[in-house]
Engineer: 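The structure's right below; bear with me while I get my questions together.
Throughout, protein chains are lettered first and strands after them, A, B, ... in sequence-line order, and every chain is numbered starting at 1.
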There are 2 protein chains.
Amino acid sequence: MKRPASWQAIRTEALRRIHTGLWSPGARIPDEAELAAEFSCARATVNRALRSLAEDGLLERRRKGGTRVPTTPVRKATFEIAIIRQDIEGRSQEYGYRLIDDRLAAPPAEVLAEFETSRDVVLRHVTALHFAEGRPFCLEDRWLNPQIVKMGEVEFGTLSANEWLVRNIAYSGGKIGFHALAADRDAAGKLECAEGAALFAIERTTRNPTATITFVRLTYAPGYRMEAKL
Amino acid sequence: MKRPASWQAIRTEALRRIHTGLWSPGARIPDEAELAAEFSCARATVNRALRSLAEDGLLERRRKGGTRVPTTPVRKATFEIAIIRQDIEGRSQEYGYRLIDDRLAAPPAEVLAEFETSRDVVLRHVTALHFAEGRPFCLEDRWLNPQIVKMGEVEFGTLSANEWLVRNIAYSGGKIGFHALAADRDAAGKLECAEGAALFAIERTTRNPTATITFVRLTYAPGYRMEAKL
DNA sequence: TGGCAAATTATGTCTACACTTATTTTTCGA
DNA sequence: TCGAAAAATAAGTGTAGACATAATTTGCCA
(Lines give C-alpha, C1' and ligand atoms only; values in the text may rest on other atoms or scores of the structure.)
Protein backbone atom coordinates (compact mmCIF):
# COMPACT_ATOMS: atom_id res chain seq x y z
CA MET A 1 0.00 0.00 0.00
CA LYS A 2 2.30 2.72 -1.20
CA ARG A 3 -0.29 5.30 -2.26
CA PRO A 4 -0.98 7.91 0.42
CA ALA A 5 -4.30 6.17 1.01
CA SER A 6 -6.62 8.96 1.98
CA TRP A 7 -9.37 8.29 4.47
CA GLN A 8 -11.79 7.91 1.60
CA ALA A 9 -9.70 5.16 0.10
CA ILE A 10 -9.70 3.40 3.44
CA ARG A 11 -13.44 3.92 3.71
CA THR A 12 -13.90 2.35 0.30
CA GLU A 13 -11.72 -0.59 1.14
CA ALA A 14 -13.53 -1.11 4.42
CA LEU A 15 -16.84 -0.96 2.59
CA ARG A 16 -15.59 -3.59 0.19
CA ARG A 17 -14.65 -5.86 3.05
CA ILE A 18 -18.07 -5.45 4.58
CA HIS A 19 -19.77 -6.16 1.29
CA THR A 20 -17.70 -9.15 0.39
CA GLY A 21 -18.22 -10.56 3.84
CA LEU A 22 -14.51 -10.52 4.56
CA TRP A 23 -15.65 -8.66 7.63
CA SER A 24 -18.73 -10.65 8.47
CA PRO A 25 -21.80 -9.32 10.24
CA GLY A 26 -21.48 -9.39 13.98
CA ALA A 27 -17.76 -9.89 13.83
CA ARG A 28 -15.28 -7.51 15.28
CA ILE A 29 -12.92 -5.90 12.82
CA PRO A 30 -9.26 -5.15 13.49
CA ASP A 31 -8.73 -2.19 15.75
CA GLU A 32 -7.65 1.21 14.51
CA ALA A 33 -3.99 0.69 15.30
CA GLU A 34 -3.84 -2.55 13.31
CA LEU A 35 -5.55 -1.03 10.32
CA ALA A 36 -3.30 2.01 10.50
CA ALA A 37 -0.34 -0.35 10.30
CA GLU A 38 -1.87 -2.27 7.42
CA PHE A 39 -2.57 0.85 5.40
CA SER A 40 0.60 2.46 6.71
CA CYS A 41 -1.09 5.63 7.72
CA ALA A 42 -1.83 7.42 10.97
CA ARG A 43 -4.46 6.05 13.29
CA ALA A 44 -6.42 9.29 12.97
CA THR A 45 -6.88 8.62 9.30
CA VAL A 46 -8.32 5.21 9.96
CA ASN A 47 -10.49 6.79 12.62
CA ARG A 48 -11.85 9.26 10.10
CA ALA A 49 -12.76 6.49 7.68
CA LEU A 50 -14.40 4.23 10.25
CA ARG A 51 -16.25 7.11 11.88
CA SER A 52 -17.66 8.04 8.52
CA LEU A 53 -18.93 4.51 7.99
CA ALA A 54 -20.37 4.41 11.49
CA GLU A 55 -22.27 7.64 10.82
CA ASP A 56 -23.87 5.95 7.84
CA GLY A 57 -24.89 2.99 9.96
CA LEU A 58 -22.50 0.54 8.30
CA LEU A 59 -20.38 -0.01 11.36
CA GLU A 60 -20.98 0.08 15.07
CA ARG A 61 -18.28 1.45 17.30
CA ARG A 62 -17.93 1.37 21.04
CA ARG A 63 -15.10 2.30 23.25
CA LYS A 64 -13.21 -0.73 24.32
CA GLY A 65 -15.78 -2.94 22.59
CA GLY A 66 -14.12 -2.31 19.29
CA THR A 67 -15.71 -1.85 15.90
CA ARG A 68 -18.07 -4.39 14.42
CA VAL A 69 -20.29 -4.93 11.43
CA PRO A 70 -23.91 -4.74 12.54
CA THR A 71 -25.84 -7.95 11.96
CA THR A 72 -28.85 -6.02 10.80
CA PRO A 73 -27.62 -2.77 9.39
CA VAL A 74 -30.03 0.09 9.74
CA ARG A 75 -29.70 2.03 6.58
CA LYS A 76 -29.99 5.74 6.79
CA ALA A 77 -31.53 7.90 4.13
CA THR A 78 -31.02 11.62 4.27
CA PHE A 79 -33.70 13.86 2.85
CA GLU A 80 -33.10 17.45 2.02
CA ILE A 81 -35.97 19.51 3.29
CA ALA A 82 -35.97 22.60 1.13
CA ILE A 83 -38.28 25.58 1.06
CA ILE A 84 -41.29 24.78 -1.10
CA ARG A 85 -40.41 27.52 -3.53
CA GLN A 86 -36.97 26.02 -4.00
CA ASP A 87 -38.47 22.60 -4.45
CA ILE A 88 -40.67 23.86 -7.28
CA GLU A 89 -38.08 26.08 -8.90
CA GLY A 90 -35.67 23.20 -8.72
CA ARG A 91 -37.99 21.39 -11.10
CA SER A 92 -37.84 24.37 -13.44
CA GLN A 93 -41.45 25.15 -12.75
CA GLU A 94 -43.03 28.52 -12.07
CA TYR A 95 -43.75 29.11 -8.42
CA GLY A 96 -46.91 30.74 -7.16
CA TYR A 97 -48.24 31.50 -3.70
CA ARG A 98 -51.52 32.58 -2.19
CA LEU A 99 -52.37 33.27 1.43
CA ILE A 100 -55.76 31.88 2.31
CA ASP A 101 -56.17 32.79 5.92
CA ASP A 102 -54.21 34.20 8.86
CA ARG A 103 -55.90 34.58 12.20
CA LEU A 104 -55.70 33.72 15.86
CA ALA A 105 -57.60 30.60 16.75
CA ALA A 106 -57.86 27.81 19.25
CA PRO A 107 -55.90 24.81 17.96
CA PRO A 108 -57.20 21.25 17.91
CA ALA A 109 -55.92 18.92 20.60
CA GLU A 110 -53.23 17.22 18.53
CA VAL A 111 -51.70 20.56 17.65
CA LEU A 112 -51.91 21.76 21.22
CA ALA A 113 -50.00 18.67 22.28
CA GLU A 114 -47.08 19.70 20.09
CA PHE A 115 -46.90 23.04 21.83
CA GLU A 116 -46.83 21.44 25.25
CA THR A 117 -48.69 24.34 26.68
CA SER A 118 -51.79 24.89 28.76
CA ARG A 119 -55.25 24.62 27.30
CA ASP A 120 -57.19 27.71 26.30
CA VAL A 121 -54.18 29.00 24.41
CA VAL A 122 -54.75 30.83 21.18
CA LEU A 123 -52.29 30.28 18.35
CA ARG A 124 -51.77 32.00 15.06
CA HIS A 125 -53.26 29.87 12.32
CA VAL A 126 -51.99 30.44 8.79
CA THR A 127 -53.36 28.67 5.74
CA ALA A 128 -51.82 29.08 2.32
CA LEU A 129 -51.45 27.44 -1.05
CA HIS A 130 -48.30 26.94 -3.08
CA PHE A 131 -48.59 26.61 -6.84
CA ALA A 132 -46.40 25.03 -9.49
CA GLU A 133 -47.04 26.19 -13.04
CA GLY A 134 -50.26 27.77 -11.84
CA ARG A 135 -51.64 24.52 -10.45
CA PRO A 136 -52.06 23.80 -6.75
CA PHE A 137 -48.98 22.02 -5.48
CA CYS A 138 -49.07 22.05 -1.72
CA LEU A 139 -51.45 23.14 0.99
CA GLU A 140 -49.78 24.68 4.02
CA ASP A 141 -51.71 24.49 7.26
CA ARG A 142 -49.61 26.08 9.95
CA TRP A 143 -49.92 26.93 13.62
CA LEU A 144 -47.51 29.51 14.96
CA ASN A 145 -46.51 30.51 18.44
CA PRO A 146 -47.88 34.08 18.53
CA GLN A 147 -45.28 35.13 21.07
CA ILE A 148 -42.55 34.41 18.57
CA VAL A 149 -44.25 35.38 15.33
CA LYS A 150 -46.57 38.21 16.24
CA MET A 151 -49.70 39.12 14.38
CA GLY A 152 -49.26 42.49 12.73
CA GLU A 153 -45.50 42.46 12.85
CA VAL A 154 -45.09 39.80 10.21
CA GLU A 155 -47.44 39.28 7.30
CA PHE A 156 -47.51 36.30 4.99
CA GLY A 157 -49.39 37.90 2.08
CA THR A 158 -46.55 37.62 -0.38
CA LEU A 159 -43.78 35.71 1.36
CA SER A 160 -44.92 32.36 2.67
CA ALA A 161 -44.58 31.51 6.33
CA ASN A 162 -42.59 28.50 5.15
CA GLU A 163 -39.96 30.75 3.66
CA TRP A 164 -40.11 33.54 6.22
CA LEU A 165 -39.47 31.13 9.06
CA VAL A 166 -36.53 29.46 7.44
CA ARG A 167 -34.95 32.82 6.82
CA ASN A 168 -35.71 34.50 10.10
CA ILE A 169 -36.22 32.12 12.94
CA ALA A 170 -33.57 30.22 14.79
CA TYR A 171 -34.40 26.62 15.44
CA SER A 172 -32.76 24.05 17.56
CA GLY A 173 -34.65 20.92 16.77
CA GLY A 174 -37.94 19.29 16.10
CA LYS A 175 -39.43 16.34 14.37
CA ILE A 176 -40.84 15.46 11.02
CA GLY A 177 -43.28 12.79 9.98
CA PHE A 178 -44.58 11.52 6.66
CA HIS A 179 -47.88 9.83 6.04
CA ALA A 180 -50.69 9.41 3.57
CA LEU A 181 -54.20 10.77 4.02
CA ALA A 182 -57.40 10.95 2.05
CA ALA A 183 -58.38 14.39 0.78
CA ASP A 184 -61.28 15.81 2.75
CA ARG A 185 -63.72 18.19 1.09
CA ASP A 186 -61.71 21.26 2.04
CA ALA A 187 -58.35 19.93 0.89
CA ALA A 188 -59.86 18.53 -2.28
CA GLY A 189 -61.29 21.93 -3.14
CA LYS A 190 -58.07 23.78 -2.53
CA LEU A 191 -55.80 21.27 -4.22
CA GLU A 192 -58.28 20.77 -7.06
CA CYS A 193 -58.41 17.04 -6.72
CA ALA A 194 -61.13 14.50 -6.05
CA GLU A 195 -62.43 14.12 -2.54
CA GLY A 196 -60.89 11.01 -1.03
CA ALA A 197 -57.80 11.17 -3.24
CA ALA A 198 -54.65 9.78 -1.65
CA LEU A 199 -52.41 12.65 -0.64
CA PHE A 200 -48.89 12.72 0.67
CA ALA A 201 -48.46 14.83 3.78
CA ILE A 202 -45.58 16.04 5.90
CA GLU A 203 -46.04 17.18 9.46
CA ARG A 204 -43.27 19.11 11.07
CA THR A 205 -42.78 20.56 14.51
CA THR A 206 -40.03 23.10 15.02
CA ARG A 207 -38.73 24.17 18.40
CA ASN A 208 -36.16 26.46 19.85
CA PRO A 209 -34.65 25.66 23.24
CA THR A 210 -37.47 27.41 25.06
CA ALA A 211 -40.68 26.80 23.19
CA THR A 212 -42.36 25.32 20.18
CA ILE A 213 -42.18 27.74 17.30
CA THR A 214 -44.49 26.16 14.80
CA PHE A 215 -46.36 23.07 13.76
CA VAL A 216 -47.15 22.66 10.12
CA ARG A 217 -48.90 20.14 7.92
CA LEU A 218 -47.97 20.28 4.26
CA THR A 219 -50.42 18.35 2.11
CA TYR A 220 -49.23 17.78 -1.43
CA ALA A 221 -51.35 17.49 -4.54
CA PRO A 222 -51.71 13.97 -5.95
CA GLY A 223 -48.62 12.59 -7.63
CA TYR A 224 -46.06 14.14 -5.32
CA ARG A 225 -43.01 12.02 -4.62
CA MET A 226 -40.25 12.65 -2.16
CA GLU A 227 -36.93 11.15 -3.13
CA ALA A 228 -33.51 10.57 -1.68
CA LYS A 229 -30.38 8.64 -2.46
CA LEU A 230 -29.24 5.81 -0.30
CA MET B 1 -11.85 30.56 27.20
CA LYS B 2 -9.74 28.49 29.50
CA ARG B 3 -11.60 25.20 29.26
CA PRO B 4 -10.16 22.81 26.68
CA ALA B 5 -13.12 23.66 24.49
CA SER B 6 -13.92 20.43 22.75
CA TRP B 7 -15.06 20.49 19.17
CA GLN B 8 -18.62 20.02 20.38
CA ALA B 9 -18.41 23.11 22.52
CA ILE B 10 -17.20 25.04 19.50
CA ARG B 11 -20.00 23.56 17.44
CA THR B 12 -22.52 24.69 20.02
CA GLU B 13 -21.08 28.17 20.17
CA ALA B 14 -21.07 28.43 16.39
CA LEU B 15 -24.68 27.26 16.33
CA ARG B 16 -25.56 29.94 18.84
CA ARG B 17 -23.96 32.59 16.67
CA ILE B 18 -25.90 31.39 13.67
CA HIS B 19 -29.15 31.37 15.60
CA THR B 20 -28.70 34.74 17.19
CA GLY B 21 -27.77 36.21 13.86
CA LEU B 22 -24.35 37.20 15.09
CA TRP B 23 -23.24 35.36 12.01
CA SER B 24 -25.87 36.51 9.59
CA PRO B 25 -27.15 34.52 6.62
CA GLY B 26 -25.02 34.95 3.56
CA ALA B 27 -22.16 36.43 5.52
CA ARG B 28 -18.76 34.93 5.68
CA ILE B 29 -17.63 33.82 9.11
CA PRO B 30 -14.08 34.14 10.42
CA ASP B 31 -11.74 31.58 8.97
CA GLU B 32 -10.55 28.54 10.85
CA ALA B 33 -7.27 30.06 11.93
CA GLU B 34 -9.01 33.05 13.48
CA LEU B 35 -11.51 30.91 15.32
CA ALA B 36 -8.76 28.62 16.51
CA ALA B 37 -7.04 31.65 17.97
CA GLU B 38 -10.25 32.87 19.56
CA PHE B 39 -11.01 29.53 21.18
CA SER B 40 -7.33 28.92 21.74
CA CYS B 41 -7.37 25.49 20.25
CA ALA B 42 -5.89 23.82 17.21
CA ARG B 43 -7.26 24.57 13.79
CA ALA B 44 -8.15 20.90 13.38
CA THR B 45 -10.54 21.19 16.28
CA VAL B 46 -12.32 24.14 14.71
CA ASN B 47 -12.36 22.22 11.46
CA ARG B 48 -14.07 19.31 13.13
CA ALA B 49 -16.77 21.57 14.56
CA LEU B 50 -17.44 23.49 11.36
CA ARG B 51 -17.37 20.38 9.23
CA SER B 52 -19.98 18.84 11.48
CA LEU B 53 -22.23 21.87 11.03
CA ALA B 54 -21.68 21.83 7.30
CA GLU B 55 -22.71 18.18 7.14
CA ASP B 56 -25.98 19.15 8.77
CA GLY B 57 -26.54 21.89 6.23
CA LEU B 58 -26.06 24.73 8.66
CA LEU B 59 -22.93 26.07 7.08
CA GLU B 60 -21.54 26.10 3.58
CA ARG B 61 -17.85 25.69 3.12
CA ARG B 62 -15.73 26.14 0.04
CA ARG B 63 -12.02 26.14 -0.38
CA LYS B 64 -10.70 29.59 -0.59
CA GLY B 65 -14.26 30.96 -0.55
CA GLY B 66 -14.38 30.48 3.19
CA THR B 67 -17.30 29.41 5.33
CA ARG B 68 -20.66 31.11 5.26
CA VAL B 69 -24.15 30.82 6.67
CA PRO B 70 -26.50 29.73 3.90
CA THR B 71 -29.26 32.25 3.15
CA THR B 72 -31.77 29.48 2.70
CA PRO B 73 -30.61 26.59 4.77
CA VAL B 74 -31.61 23.20 3.43
CA ARG B 75 -32.43 21.17 6.44
CA LYS B 76 -31.58 17.57 6.37
CA ALA B 77 -33.66 14.88 7.98
CA THR B 78 -32.18 11.45 8.40
CA PHE B 79 -34.50 8.48 8.40
CA GLU B 80 -33.50 5.14 9.69
CA ILE B 81 -34.61 2.49 7.28
CA ALA B 82 -34.88 -0.64 9.36
CA ILE B 83 -35.98 -4.12 8.46
CA ILE B 84 -39.76 -4.33 8.70
CA ARG B 85 -39.54 -6.93 11.44
CA GLN B 86 -37.39 -4.62 13.50
CA ASP B 87 -39.77 -1.77 12.84
CA ILE B 88 -42.67 -3.78 14.23
CA GLU B 89 -40.79 -5.36 17.10
CA GLY B 90 -39.51 -1.92 17.99
CA ARG B 91 -43.13 -0.99 18.68
CA SER B 92 -43.38 -4.01 20.99
CA GLN B 93 -45.77 -5.67 18.60
CA GLU B 94 -45.78 -9.26 17.44
CA TYR B 95 -44.33 -9.73 14.00
CA GLY B 96 -45.80 -12.05 11.40
CA TYR B 97 -44.90 -12.87 7.84
CA ARG B 98 -46.50 -14.68 4.94
CA LEU B 99 -45.14 -15.29 1.48
CA ILE B 100 -47.83 -14.80 -1.14
CA ASP B 101 -46.06 -15.50 -4.36
CA ASP B 102 -42.57 -16.11 -5.76
CA ARG B 103 -42.13 -16.65 -9.49
CA LEU B 104 -40.31 -15.48 -12.54
CA ALA B 105 -42.25 -12.93 -14.50
CA ALA B 106 -41.94 -10.10 -16.99
CA PRO B 107 -41.82 -6.82 -15.11
CA PRO B 108 -43.86 -3.75 -16.02
CA ALA B 109 -42.08 -0.96 -17.83
CA GLU B 110 -41.41 1.23 -14.80
CA VAL B 111 -39.71 -1.64 -13.01
CA LEU B 112 -37.73 -2.55 -16.09
CA ALA B 113 -36.46 1.02 -16.22
CA GLU B 114 -34.92 0.62 -12.78
CA PHE B 115 -32.99 -2.39 -13.94
CA GLU B 116 -31.59 -0.57 -16.94
CA THR B 117 -31.62 -3.73 -18.89
CA SER B 118 -32.94 -4.91 -22.21
CA ARG B 119 -36.57 -5.71 -22.75
CA ASP B 120 -37.82 -9.28 -22.67
CA VAL B 121 -35.97 -9.86 -19.44
CA VAL B 122 -37.60 -12.03 -16.82
CA LEU B 123 -37.21 -11.08 -13.19
CA ARG B 124 -38.01 -12.84 -9.97
CA HIS B 125 -41.20 -11.42 -8.57
CA VAL B 126 -41.83 -11.89 -4.85
CA THR B 127 -44.98 -10.80 -3.06
CA ALA B 128 -45.37 -11.04 0.67
CA LEU B 129 -47.26 -9.64 3.63
CA HIS B 130 -45.87 -8.46 6.93
CA PHE B 131 -48.13 -8.52 9.96
CA ALA B 132 -48.14 -6.64 13.25
CA GLU B 133 -50.19 -8.20 16.02
CA GLY B 134 -51.73 -10.47 13.44
CA ARG B 135 -53.04 -7.63 11.33
CA PRO B 136 -51.68 -6.76 7.89
CA PHE B 137 -48.99 -4.12 8.25
CA CYS B 138 -47.12 -3.87 5.01
CA LEU B 139 -47.37 -5.34 1.55
CA GLU B 140 -44.04 -6.14 -0.06
CA ASP B 141 -43.99 -6.23 -3.83
CA ARG B 142 -40.47 -6.97 -4.93
CA TRP B 143 -38.61 -7.59 -8.17
CA LEU B 144 -35.27 -9.31 -7.88
CA ASN B 145 -32.40 -9.74 -10.26
CA PRO B 146 -32.50 -13.52 -10.76
CA GLN B 147 -28.80 -13.62 -11.54
CA ILE B 148 -28.05 -12.38 -8.05
CA VAL B 149 -30.83 -14.03 -6.08
CA LYS B 150 -31.47 -17.31 -7.85
CA MET B 151 -34.74 -19.18 -7.80
CA GLY B 152 -34.32 -22.41 -5.90
CA GLU B 153 -31.19 -21.35 -4.07
CA VAL B 154 -32.94 -18.90 -1.81
CA GLU B 155 -36.48 -19.24 -0.56
CA PHE B 156 -38.54 -16.60 1.15
CA GLY B 157 -41.12 -18.83 2.78
CA THR B 158 -40.15 -18.02 6.34
CA LEU B 159 -37.51 -15.30 6.13
CA SER B 160 -38.69 -12.29 4.17
CA ALA B 161 -36.77 -11.09 1.17
CA ASN B 162 -36.59 -7.77 2.96
CA GLU B 163 -34.60 -9.33 5.74
CA TRP B 164 -32.65 -11.83 3.69
CA LEU B 165 -31.33 -9.15 1.42
CA VAL B 166 -30.25 -6.85 4.20
CA ARG B 167 -28.34 -9.68 5.79
CA ASN B 168 -26.83 -11.26 2.74
CA ILE B 169 -26.44 -8.90 -0.15
CA ALA B 170 -23.88 -6.19 -0.55
CA TYR B 171 -25.17 -2.94 -1.87
CA SER B 172 -23.40 0.12 -3.00
CA GLY B 173 -26.21 2.55 -3.48
CA GLY B 174 -29.66 3.17 -4.72
CA LYS B 175 -32.55 5.47 -4.22
CA ILE B 176 -35.64 5.66 -2.14
CA GLY B 177 -38.89 7.49 -2.70
CA PHE B 178 -42.00 8.09 -0.63
CA HIS B 179 -45.45 8.78 -1.93
CA ALA B 180 -49.14 8.24 -1.32
CA LEU B 181 -51.36 6.02 -3.38
CA ALA B 182 -54.95 4.83 -3.36
CA ALA B 183 -55.47 1.17 -2.52
CA ASP B 184 -56.42 -0.83 -5.58
CA ARG B 185 -58.61 -3.92 -5.26
CA ASP B 186 -55.67 -6.22 -4.80
CA ALA B 187 -53.88 -4.15 -2.16
CA ALA B 188 -57.14 -3.45 -0.34
CA GLY B 189 -57.82 -7.17 -0.11
CA LYS B 190 -54.38 -8.02 1.19
CA LEU B 191 -54.10 -5.13 3.60
CA GLU B 192 -57.70 -5.54 4.70
CA CYS B 193 -58.66 -1.96 4.06
CA ALA B 194 -61.19 -0.20 1.90
CA GLU B 195 -60.54 0.07 -1.81
CA GLY B 196 -59.35 3.59 -2.52
CA ALA B 197 -57.95 4.11 0.97
CA ALA B 198 -54.95 6.42 1.13
CA LEU B 199 -51.82 4.33 1.66
CA PHE B 200 -48.26 5.31 2.35
CA ALA B 201 -45.74 3.65 0.09
CA ILE B 202 -41.98 3.43 -0.16
CA GLU B 203 -40.22 2.49 -3.36
CA ARG B 204 -36.62 1.50 -3.16
CA THR B 205 -34.07 0.52 -5.75
CA THR B 206 -30.88 -1.13 -4.59
CA ARG B 207 -27.80 -1.54 -6.72
CA ASN B 208 -24.35 -2.93 -6.48
CA PRO B 209 -21.60 -1.49 -8.66
CA THR B 210 -22.48 -3.81 -11.52
CA ALA B 211 -26.21 -4.23 -11.63
CA THR B 212 -29.53 -3.49 -10.03
CA ILE B 213 -30.21 -5.99 -7.28
CA THR B 214 -33.81 -5.30 -6.46
CA PHE B 215 -36.69 -2.91 -6.75
CA VAL B 216 -39.33 -3.01 -4.07
CA ARG B 217 -42.55 -1.23 -3.28
CA LEU B 218 -43.64 -1.41 0.34
CA THR B 219 -47.25 -0.39 0.76
CA TYR B 220 -48.28 0.20 4.36
CA ALA B 221 -51.67 -0.32 5.89
CA PRO B 222 -53.63 2.86 6.64
CA GLY B 223 -52.35 4.88 9.56
CA TYR B 224 -48.66 4.25 9.04
CA ARG B 225 -46.41 7.16 9.84
CA MET B 226 -42.72 7.50 9.21
CA GLU B 227 -40.92 9.74 11.65
CA ALA B 228 -37.54 11.36 12.10
CA LYS B 229 -35.89 13.98 14.20
CA LEU B 230 -34.59 17.16 12.71
C1' DT C 1 -9.32 45.91 -22.94
C1' DG C 2 -9.24 41.05 -22.76
C1' DG C 3 -7.52 36.96 -21.31
C1' DC C 4 -4.21 33.87 -19.44
C1' DA C 5 -0.90 32.79 -15.85
C1' DA C 6 0.84 33.22 -11.35
C1' DA C 7 0.31 34.34 -6.56
C1' DT C 8 -2.67 34.07 -2.81
C1' DT C 9 -5.71 32.11 0.44
C1' DA C 10 -9.00 29.20 3.07
C1' DT C 11 -10.31 24.79 3.55
C1' DG C 12 -9.06 19.68 3.14
C1' DT C 13 -6.30 16.18 4.66
C1' DC C 14 -2.50 13.73 6.88
C1' DT C 15 0.90 12.66 10.58
C1' DA C 16 2.69 11.50 15.07
C1' DC C 17 1.98 11.83 19.51
C1' DA C 18 -0.46 12.44 23.89
C1' DC C 19 -4.02 12.19 26.87
C1' DT C 20 -9.09 10.95 28.08
C1' DT C 21 -12.94 8.02 28.75
C1' DA C 22 -15.86 4.10 28.55
C1' DT C 23 -15.96 -0.65 29.05
C1' DT C 24 -14.31 -5.19 29.62
C1' DT C 25 -11.38 -8.40 31.83
C1' DT C 26 -8.64 -9.82 35.40
C1' DT C 27 -7.29 -10.13 39.96
C1' DC C 28 -7.81 -10.68 44.60
C1' DG C 29 -9.96 -10.35 49.01
C1' DA C 30 -14.07 -11.32 51.97
C1' DT D 1 -18.12 -18.16 45.14
C1' DC D 2 -19.28 -13.61 44.86
C1' DG D 3 -18.17 -9.01 44.26
C1' DA D 4 -15.47 -5.04 44.24
C1' DA D 5 -11.20 -2.93 42.91
C1' DA D 6 -7.51 -2.67 39.59
C1' DA D 7 -5.57 -3.34 35.07
C1' DA D 8 -5.95 -3.45 30.31
C1' DT D 9 -7.88 -2.02 26.04
C1' DA D 10 -9.96 0.41 22.14
C1' DA D 11 -12.08 4.24 20.69
C1' DG D 12 -12.56 9.50 21.38
C1' DT D 13 -10.47 13.74 21.31
C1' DG D 14 -6.86 17.40 21.10
C1' DT D 15 -2.33 19.58 19.31
C1' DA D 16 1.06 21.42 16.25
C1' DG D 17 2.73 21.33 12.04
C1' DA D 18 2.93 20.20 7.16
C1' DC D 19 1.43 19.73 2.58
C1' DA D 20 -2.55 19.41 -0.96
C1' DT D 21 -6.20 21.42 -3.48
C1' DA D 22 -9.47 24.45 -5.21
C1' DA D 23 -10.91 28.92 -6.18
C1' DT D 24 -10.25 33.72 -6.29
C1' DT D 25 -7.47 37.65 -7.12
C1' DT D 26 -3.89 39.90 -9.11
C1' DG D 27 -0.89 41.19 -12.51
C1' DC D 28 1.23 40.90 -16.72
C1' DC D 29 1.26 40.72 -21.60
C1' DA D 30 -0.83 40.87 -26.07
Engineer: Would you mind checking if B/Arg135 and B/Glu133 are paired as a salt bridge, meaning a charged N to carboxylate O distance below 4.0 Å?
Structural biologist: no
Engineer: Calculate the interatomic distance between B/Gln8 atom CD and D/dG14 atom P; express it in whole Å.
Structural biologist: 8 Å
Engineer: Looking only at the side chain of B/Thr45 (C-beta and beyond, no hydrogens), which of the listed nucleotides C/dG12, D/dG14, C/dT13 gets closest?
Structural biologist: D/dG14
Engineer: Is B/Glu55 salt-bridged to A/Arg51, cutoff N-O under 4.0 Å?
Structural biologist: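 Salt bridge flag = no for A/Arg51 with B/Glu55.
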Engineer: Nearest whole angstrom, please: distance from the P of C/dT11 to the CD of B/Glu60.
Structural biologist: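 It works out to 14 Å between those atoms.
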Engineer: Could you tell me whether A/Arg51 contacts a base, only the sugar-phosphate backbone, or nothing, with contacts defined as non-hydrogen atoms closer than 4.0 Å?
Structural biologist: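 Nothing: the residue A/Arg51, judged by heavy atoms under 4.0 Å, touches no strand.
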Engineer: Take the protein atom CZ of B/Arg63 and the nucleotide atom P of D/dC19, then report the distance between them rounded to whole Å.
Structural biologist: 16 Å
Engineer: Under 4.0 Å between a side-chain nitrogen and a carboxylate oxygen: does that hold for B/Arg62 and B/Glu60?
Structural biologist: no
Engineer: Looking for any heavy atom pair under 4.0 Å, which part of the strands does A/Arg68 touch: base, sugar-phosphate only, or nothing?
Structural biologist: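 No contact.
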Engineer: DNA chain D: B/Lys64 or B/Ala42, which has the more 5' nearest nucleotide?
Structural biologist: B/Ala42
Engineer: How close or far is atom P of D/dT24 from atom CZ of B/Arg61, stated in whole angstroms?
Structural biologist: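 Result: 16 Å.
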Engineer: What is the separation between atom CZ on A/Arg48 and atom C1' on C/dA16, rounded to the nearest whole Å?
Structural biologist: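 These atoms are roughly 18 Å apart.
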Engineer: Let me know, please, whether B/Asn47 or A/Arg62 comes out on the 5' side of the other along DNA chain C by nearest nucleotide.
Structural biologist: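 So the residue in question is B/Asn47.
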Engineer: Hey, does A/Gly66 reach any base, or is it just sugar-phosphate, or nothing, if we go heavy atoms under 4.0 Å?
Structural biologist: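 It contacts sugar-phosphate atoms only.
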Engineer: Below 4.0 angstrom from OP1 or OP2 of C/dA10, is there any side-chain N or O of B/Thr67?
Structural biologist: no
Engineer: Could you work out which one of C/dC14, D/dG12, C/dG12 sits closest to the side chain of B/Arg43?
Structural biologist: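 Shortest atom-to-atom distance from the side chain points to C/dG12.
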Engineer: To the nearest Å, how far apart are A/Leu53 CG and D/dA11 P?
Structural biologist: 14 Å
Engineer: Taking atom C1' of D/dA11 as reference, at what distance in whole Å does atom CD of A/Glu55 sit?
Structural biologist: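 Rounded to the whole Å, the gap is 14 Å.
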Engineer: Indicate yes or no: does A/Asp102 engage A/Arg124 in a salt bridge with an N to O separation below 4.0 Å.
Structural biologist: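 Counted as a salt bridge, because a side-chain N and a carboxylate O are separated by less than 4.0 Å.
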Engineer: Please report the distance, rounded to the nearest Å, between CG in A/Asp31 and P in C/dT23.
Structural biologist: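 Interatomic distance, CG of A/Asp31 to P of C/dT23: 18 Å.
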Engineer: To the nearest 0.5 Å, tell me how far B/Asp87 CG sits from B/Phe137 CZ.
Structural biologist: 4.5 Å
